[in-house]
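Step one of this worksheet: look at the structure below.
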There are 2 protein chains.
Amino acid sequence: MVVSVREVAALAKVSVGTVSNVMNRPEKVSPDTVERVQAAILALGFVRNDAARQLRAGRSRSIGLVVLDVGNPFFTDLARGAENRAAEAGLTVLLGNSDDDAVRENAYLDLFEEQRVHGVLISPIGDTTERLARLRERGTPTVLLDRQAENRNFSSVSVDDPAGGYTAARHLLERGRRRLAFVGGPASLRQVTDRLAGARSAVAEQAGATLEVIETTALSVLEGRRAGESVMARAASERPDAIFAANDLLAMGVLQALNMNGDVQVPGAIALIGYDDIAFASAAVVPLSSIRQPSELIGHTAVDLLLREAANGAEGEHEQIVFQPELIIRASTGG
Amino acid sequence: MVVSVREVAALAKVSVGTVSNVMNRPEKVSPDTVERVQAAILALGFVRNDAARQLRAGRSRSIGLVVLDVGNPFFTDLARGAENRAAEAGLTVLLGNSDDDAVRENAYLDLFEEQRVHGVLISPIGDTTERLARLRERGTPTVLLDRQAENRNFSSVSVDDPAGGYTAARHLLERGRRRLAFVGGPASLRQVTDRLAGARSAVAEQAGATLEVIETTALSVLEGRRAGESVMARAASERPDAIFAANDLLAMGVLQALNMNGDVQVPGAIALIGYDDIAFASAAVVPLSSIRQPSELIGHTAVDLLLREAANGAEGEHEQIVFQPELIIRASTGG
DNA sequence: AAGTGTGATTGAATCGTTTTAATCGACTGG
DNA sequence: CCAGTCGATTAAAACGATTCAATCACACTT
């Protein structure tokens with residue numbers, strides 16, 4: 001019960017070439033033949049075999065997207081932006097979730113390369129540039145997401161993380177807080193270290209202000225809760241009076257921990273600010289101040305860059321696009 | 001600069017057949033030949049072309065997953081479960097987002113069928129059973145998610161939605177509420193109508209209790225907010241004293257609307273319960289009571305069913321698995 | 001020494017679509 | 001009436017990995 005162009009051609013009494021033409025450039029085929037072939041396709045329930053098509057074409061019609069965490073709305077929003085733009089260009093997005101794991105990241109890159117995807121968008125964990133360079137050398141255009149390559153060797157779409165970190169910390173300082181804590185990790189993530197660096201420079205400018213770092217093993221709600229609990233375990237006088245979390249998931253976890261016992265007021269005792277401004281941030285126990293990133297726009301732009309990169313060939317220029325983040329003030333830092 | 005098995009074979013001074021054997025069943029090849037071939041692969045940076053492989057094999061090594069909304073954590077959790085189980089079986093999951101749109105759903109089904117995926121998992125919108133029956137007839141095993149086929153013609157993994165709806169409404173009634181409102185839609189979604197039906201029967205059992213329906217066009221935070229605002233627009237005496245939202249996203253939107261002006265107390269004036277128990281529910285402004293569904297387990301089980309279905313061939317039995325939901329009580333219904 | 005078995009390797013056919021050069025008919029203008 | 005053109009169609013050659021029957025080399029048995 002396998003139906004290939006061969007059967008369709010036989011039924012429509014034409015050659016396989018004509019069947020192919022009907023599917024791909026019907027204007028080259030006489031109207032009545034088109035009709036006859038389409039009738040045959042329908043009658044037999046023919047579905048074209050994409051593997052054969054790709055084999056001939058050399059490249060697939062999809063692009064691979066590797067994100068750090070599909071559970072993070074920031075990345076699903078970004079994916080939506082990429083998907084929409086890709087759809088306009090007739091391409092499909094394959095979504096891979098590295099879950100902050102180098103092995104999984106690598107597995108997805110292998111898979112995408114074997115599939116000869118049109119290109120790869122990736123928010124890399126740690127330092128993968130060597131692997132990515134090889135990927136590109138072998139002909140798969142690559143764009144970095146949410147991260148700039150040190151050596152400008154890659155096209156990238158990112159947001160100014162040091163500036164975001166600076167803005168967040170500055171905001172807390174302006175609210176009169178002096179004993180800040182940064183919650184985030186792992187340090188292998190560039191986003192984390194950049195935001196921390198930004199916060200550091202803001203604190204350095206302010207006499208009498210301090211910044212402690214509470215490191216986490218992931219950017220998840222659970223890890224945030226753990227960090228929050230470690231703060232709660234201290235005597236009240238030992239606690240920071242403001243917390244800057246490296247993303248909103250962490251911030252929400254921290255918030256849960258602080259609120260669980262009900263004895264720590266936010267923002268009364270501790271002000272809290274997150275990062276990303278995911279949709280849930282505004283609906284939190286205490287609506288969360290945050291640093292907004294234009295997530296959909298990032299995905300959208302990344303696809304544009306990828307298409308340009310693909311068109312230019314290997315020796316084209318690489319373009320770095322950096323968006324500016326935006327401070328969103330809500331109740332968690334005193335409205 | 002294209003590298004195929006041919007080049008590898010030439011460099012290693014063996015035949016292409018041997019190269020293939022090295023990759024797929026190295027135990028059939030003498031150790032030193034294996035080594036020579038692998039060295040050649042590495043030296044040339046050879047990456048096997050998946051399209052050619054699939055063409056020969058007849059089927060791809062991935063399974064297609066079509067969900068209603070990737071923005072909904074329920075579905076990303078489900079996807080994670082599916083992905084993990086699939087990985088154990090050496091398969092990849094391709095995630096498609098129908099966004100509650102029949103056209104996009106169809107596009108993904110076409111794509112997956114053209115790719116000759118191992119099988120399809122889908123949370124169908126509206127009535128797609130005819131389309132799915134054809135898909136299966138042509139050889140692609142299919143499992144329904146979060147939805148049972150009326151005629152038992154499909155394997156499916158779902159949760160008892162009428163029971164969940166009943167439980168939610170019953171809980172509100174037991175808290176002394178009598179003027180309930182159901183927020184949800186569109187009515188084309190089976191999940192919505194089933195949960196509503198369950199709620200209806202609970203209300204019918206309770207003398208003096210009423211249930212109004214506020215229909216939405218989607219199960220999103222935004223639509224929830226819209227519904228909440230329509231409630232706020234009424235005189236206080238005309239408002240319900242309890243709201244059952246068809247999922248947590250809606251419930252969080254409702255909550256935002258009720259809280260925005262600050263004048264409606266939850267659960268004081270209006271008790272609120274959602275559905276799914278997504279991770280963010282417990283971190284909401286007012287921690288949200290909800291009906292928990294075992295999302296990861298659903299994804300996991302669905303892949304199992306799919307593999308069984310694929311093994312049995314077309315005329316095998318179809319299995320319907322129904323999980324029971326669980327009431328989670330938090331502050332939004334009075335703790 | 002002939003025959004038998006075994007393990008390693010090979011060569012060619014195959015999967016299904018796309019593409020290109022070639023062919024065919026019919027028609028037009030000189 | 002013939003050369004030339006044009007549109008529609010065809011046949012065959014790709015694309016690259018897999019697989020299976022055939023071959024080969026070599027050791028072991030009788």
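Note on naming: letters A, B, ... go to the chains in the order of the sequence lines (proteins, then strands), and numbering restarts at 1 for each one.
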Separation of [N] [atom2] from [X] [atom1] (nearest whole Å):
| X | N | atom1 | atom2 | answer |
| --- | --- | --- | --- | --- |
| Asp32(B) | dG7(C) | CG | P | 16 Å |
| Lys13(A) | dT10(D) | NZ | C1' | 16 Å |
| Leu55(A) | dA14(D) | CG | C1' | 9 Å |
| Ile41(A) | dT17(C) | CD1 | C1' | 13 Å |
| Lys28(B) | dT10(C) | NZ | P | 16 Å |

Atom pairs, protein N/O to nucleotides 17-21 of chain D N/O, distance under 3.5 Å:
from, atom 1, to, atom 2, distance (Å)
dA17(D), OP2, Val5(B), N, 2.5
dT18(D), OP1, Asn24(B), ND2, 3.3
dT18(D), OP1, Arg53(B), NH1, 2.5
dT18(D), OP2, Ser20(B), OG, 3.2
dT18(D), OP2, Asn24(B), ND2, 3.2
dT18(D), O2, Arg56(B), NH1, 2.6
dT19(D), OP2, Arg25(B), NH2, 3.0
dT19(D), O4', Arg56(B), NH1, 3.4

Check step by step if side chain to side chain contact (heavy atoms under 4.5 Å, CB included) holds for Leu68(A) and Ile125(A). CA-CA 7 Å; Leu68(A) 284 171; Ile125(A) 110 180; 3.6 Å; yes

So, is Ser30(B) close to the dT9(C) phosphate, meaning a side-chain N or O under 4.0 Å from OP1 or OP2? yes

Salt bridge between [X] and [Y], side-chain N to carboxylate O under 4.0 Å?
| X | Y | answer |
| --- | --- | --- |
| Glu105(B) | Arg131(B) | no |
| Glu88(A) | Arg85(A) | yes |
| Arg104(B) | Glu83(A) | yes |

If you measure from CG on Leu144(B) to CD1 on Ile321(B), what distance do you get to the nearest 0.5 Å?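 If we round to the nearest 0.5 Å, Leu144(B):CG and Ile321(B):CD1 are 12.5 Å apart.
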
Donor on one side chain, acceptor on other, Asp146(B) and Gln191(B), under 3.5 Å: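 Yes.
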
